[in-house]
Amino acid sequence: MFATDTNITHFSVDIFDTLVFRLTKTPIDVFVGMENDPDVVRIIKNFTDYRVHSEGLARRMAATDGREETSLDEIYDCVCLLSRCSKEDAQILKSKEIAAEIRAIKLSVFGQEFLDHIKKTGSRYVVTSDMYLPYDVIEAILENVGVTGYEKLFLSSETQKSKHHGTAYDLVLDHFEVPPTEIMHIGDNWYPDVRMAELRGFKTHHLTPSNSLIHRVKRAKDNTFAYYGGHALSQAFIAQFLEEECYKRVSADVTELSEEEYFEAIGATVLAPFATAFSIWLADNADKHGIQKMAFLARDGQFMQKVFDLLHPERATAYVAASRRLTTLPFTLLRPEVVKNFLHTTLENSDTITEFFTKLRVSDTIKDHMQTLGFDPDASLDRRSRKKFLHGLSENSGPLLRAFGAERKAVVDYYEREFPEGQKTGLVDLGWRGSLQAAIEECLEGKREIVGFYAGTSWDAIDILERRNYPHEAFTSMNGLSSYQAEMTGRYRDILEFFFSADHGSVYSVAEENGDYTWLKFDVSEAERSAMQKAGYIQNGAFKAIQSLAEKLSYEDIKELSFGYDASDAWTFMRVPSRHDAHRFSSVRVFSGIGDEIGESLTMIGEKNSHQRNLKRSRWPEAYAATLGKLTRARVNYVRKKKKLSKV
């Protein structure tokens, strides 16, 4: 680092990608982030293209005039020339660009270390930059990020002397009035910051900017696509992660990370923007519906409540017990679809009727009743006897419902407390089918005002929610967005559910004592606990990233960044995972219901079956396909084409 030479007490330091960094992938992406602004859309379509070409034209015109730098005013004169917009509209665009730059620029890790060094040693420094932005804007940027104490600000737009031509270093020499060997210049661009400074006799320190780290790793298909999100919000989280987490490693190579570090990186770059945009969407839609309190349903809502409380501390929230066992079994008449979607999974994972009832936490009276009907509780179950037993349960639902009388009352009382009369409550869940909202509505006999808010819904929600006229909104599908969103939420729901896994077992009932309710939860197997731990790493990484961004930006700035976020970046990561991403997720297991203690591989990577069978059974077939060689993949696609299946 620069501090290794104790003789150096005079510094010249670059600004962009040195003292500060942008919350974008590239400098041009500041303009991309402006394209959703209604005023920008009104004035110019494809603003980024016009802005980039205008800067190039302005620089050529300056060079023709013998000048080393252009200015922001000259660039916007060219914007007017190329786009035919008015001078007044150009001023609006210019002011928005300045605001976007100030919002996006933050103090870098190096910048903080440099300022600490200056404060500790009392060294002198000037700021030297080739930049078209005017003096007062750069001054405001530096003040905004806490850069103070510099003796002079040398800007090429003001002095018409640039580092690129070496003339700016003459100004630095004149200012310090010491030999050039006693001055160190620090910057990120090799030619102007190192080569030209050394030609003037300066000592130099070449800094690796954080936004270039992704270009110093293996190809994405062998590394990760987590760093390649295109939306402004995703870029902010990715840029922040590269700056804060990768700076000291000087590498963004995920193949070098431990399991915990890898999953935290996925959380910071993939889950964090999704959860942030979802949280902002929740708040906006809660206002639209006049919601007074947000109820986040267990278990998928645990992490989202934490994020929502961080971004919206002024709003009332609750974490509410919910599960298919809690809301269904005490109330159901054992309709065939309930048996198919709920009890069947538990029975499939049970060797005897006794084990089945034990897993469901069912009272002994039901076991005794089924025994009187000729079902041996300890006899081994096979496919035929399981089918016969389920048929017997369906025809004898009366005793089952009577046995659940006390539990049914406790659940109703609990939900009446969580959804009080006169309060309009927002029910938050990952969703897909909306079955928990429907069940809670039925528990309360429709006497409460409840609006469902979902990360996504599938077409099943039409039957469950729309036909019953239960009000609801969905973040990523079914609300006027592109139809592919509905397909994405269905295709990748298992991955999202893993991302949002809670740190506790499913709730099977609630117990009331003196007005307080205790949640009764199923035990968690070692296999499921391992999956929870990995999900915990992802959530920790995401929450730290959201917390860090909230410290850098105001809520309104984050909200502006989130405009137009439609989860496409998250879907892209899931649709085209890298080979390394696929292998990292190969140890993740998903669980199909109560009694499933072993689970099934999310990706099916490593399973000893044919490729066709593994692809068919994989919950994330793209990850499995990412591990196949070119020739193997071609053979698999040939077979799938013959079977009229989609390519992988």
Side-chain angles (χ1 to χ4, degrees), residues 1-21 27 59 62-63 65-71 105 107-135 138-139 141-142 145-213 215-216 247-248 250:
M1 223 314 266
F2 60 89
T4 56
D5 193 331
T6 56
N7 296 322
I8 299 298
T9 57
H10 298 76
F11 294 96
S12 165
V13 62
D14 179 40
I15 301 177
F16 296 93
D17 295 324
T18 303
L19 280 177
V20 301
F21 75 102
R59 290 190 181 281
D65 294 340
R67 293 180 288 118
E68 294 184 14
E69 184 62 275
T70 185
S71 68
I105 293 170
L107 186 66
S108 68
V109 174
F110 168 82
Q112 186 61 64
E113 290 179 349
F114 178 79
L115 294 177
D116 291 343
H117 176 77
I118 294 296
K119 185 177 181 180
K120 180 180 178 180
T121 62
S123 299
R124 301 170 61 190
Y125 82 103
V126 296
V127 177
T128 312
S129 179
D130 289 351
M131 173 48 63
Y132 54 78
L133 290 173
Y135 190 96
I138 295 296
E139 201 172 38
I141 287 172
L142 294 177
V145 299
V147 175
T148 59
Y150 54 89
E151 297 179 5
K152 197 77 175 178
L153 176 56
F154 295 112
L155 288 182
S156 58
S157 59
E158 298 290 326
T159 64
Q160 288 302 309
K161 306 288 185 182
S162 69
K163 294 182 297 180
H164 192 82
H165 291 85
T167 52
Y169 296 112
D170 296 332
L171 300 176
V172 176
L173 281 170
D174 291 342
H175 174 78
F176 281 134
E177 296 182 334
V178 298
T181 53
E182 295 182 18
I183 305 173
M184 176 178 282
H185 178 73
I186 306 169
D188 68 288
N189 196 315
W190 186 85
Y191 183 79
D193 290 316
V194 178
R195 175 63 176 161
M196 296 309 295
E198 287 179 347
L199 286 176
R200 288 299 198 274
F202 283 50
K203 292 191 180 232
T204 60
H205 175 71
H206 185 212
L207 194 72
T208 302
S210 57
N211 61 14
S212 73
L213 291 175
H215 304 299
R216 298 161 64 93
Y247 169 75
K248 293 187 183 300
V250 198

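Atom CG of Asn189 sits about 8.5 Å away from atom CG of Asp130, to the nearest 0.5 Å. Taken from CZ in Phe16 to CG in Asn211, the straight-line distance is 12.5 Å, to the nearest 0.5 Å. Between atom CD1 of residue Ile186 and atom CG of residue Asp188 there is a gap of 11.5 Å, rounded to the nearest 0.5 Å. Remark: Asp170 CG to Arg200 CZ distance equals 4.5 Å, nearest 0.5 Å.
When atom types are taken as modelled, the side chain of Thr167 and the backbone of Ser162 share a donor-acceptor pair closer than 3.5 angstrom.
A pairwise comparison of heavy atoms in Gly187 and Asp14 identifies CA-CB, 3.8 Å as the closest pair. Residues Asp193 and Lys163 share a closest heavy-atom pair of OD1-NZ, 2.7 Å. Closest heavy-atom contact between Thr148 and Leu115: O-CD2, 4.2 Å. For the residue pair Ser12 and Thr128, the shortest heavy atom distance occurs at OG-OG1, 2.8 Å. When all heavy atoms are compared, the tightest approach of Val127 to Ile15 is CG1-CG1, 3.1 Å.
A donor and an acceptor atom, one from each side chain of Thr204 and Glu198, are located under 3.5 Å apart.
Inter-residue side-chain proximity for Thr159 and Tyr135 is flagged as unmet; no heavy-atom pair is nearer than 4.5 Å. In this structure the side chain of His164 never reaches within 4.5 angstrom of the side chain of Glu68, judged on heavy atoms. Side-chain contact check for His165 versus Met196: every heavy-atom pair is 4.5 Å or farther apart.
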Apply the test side chain to side chain contact (heavy atoms under 4.5 Å, CB included) to residues Phe21 and Ser108: give CA-CA distance (whole Å), side-chain angles for both, the deciding distance (0.1 Å), then the verdict. CA-CA 6 Å; Phe21 75 102; Ser108 68; 4.1 Å; yes
Extract all donor-acceptor atom pairs below 3.5 Å that involve side chains of residues 173-180 and protein atoms in other chains or at least two apart in sequence.
from	atom 1	to	atom 2	distance (Å)
His175	NE2	Glu151	OE1	2.8

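Aromatic ring orientation, His185 versus Tyr169: perpendicular (interplanar angle above 60°, classes split at 30° and 60°).
Heavy atoms from other residues, nucleotides or ligands lying under 6.0 Å from CZ of Arg124 number more than 12.
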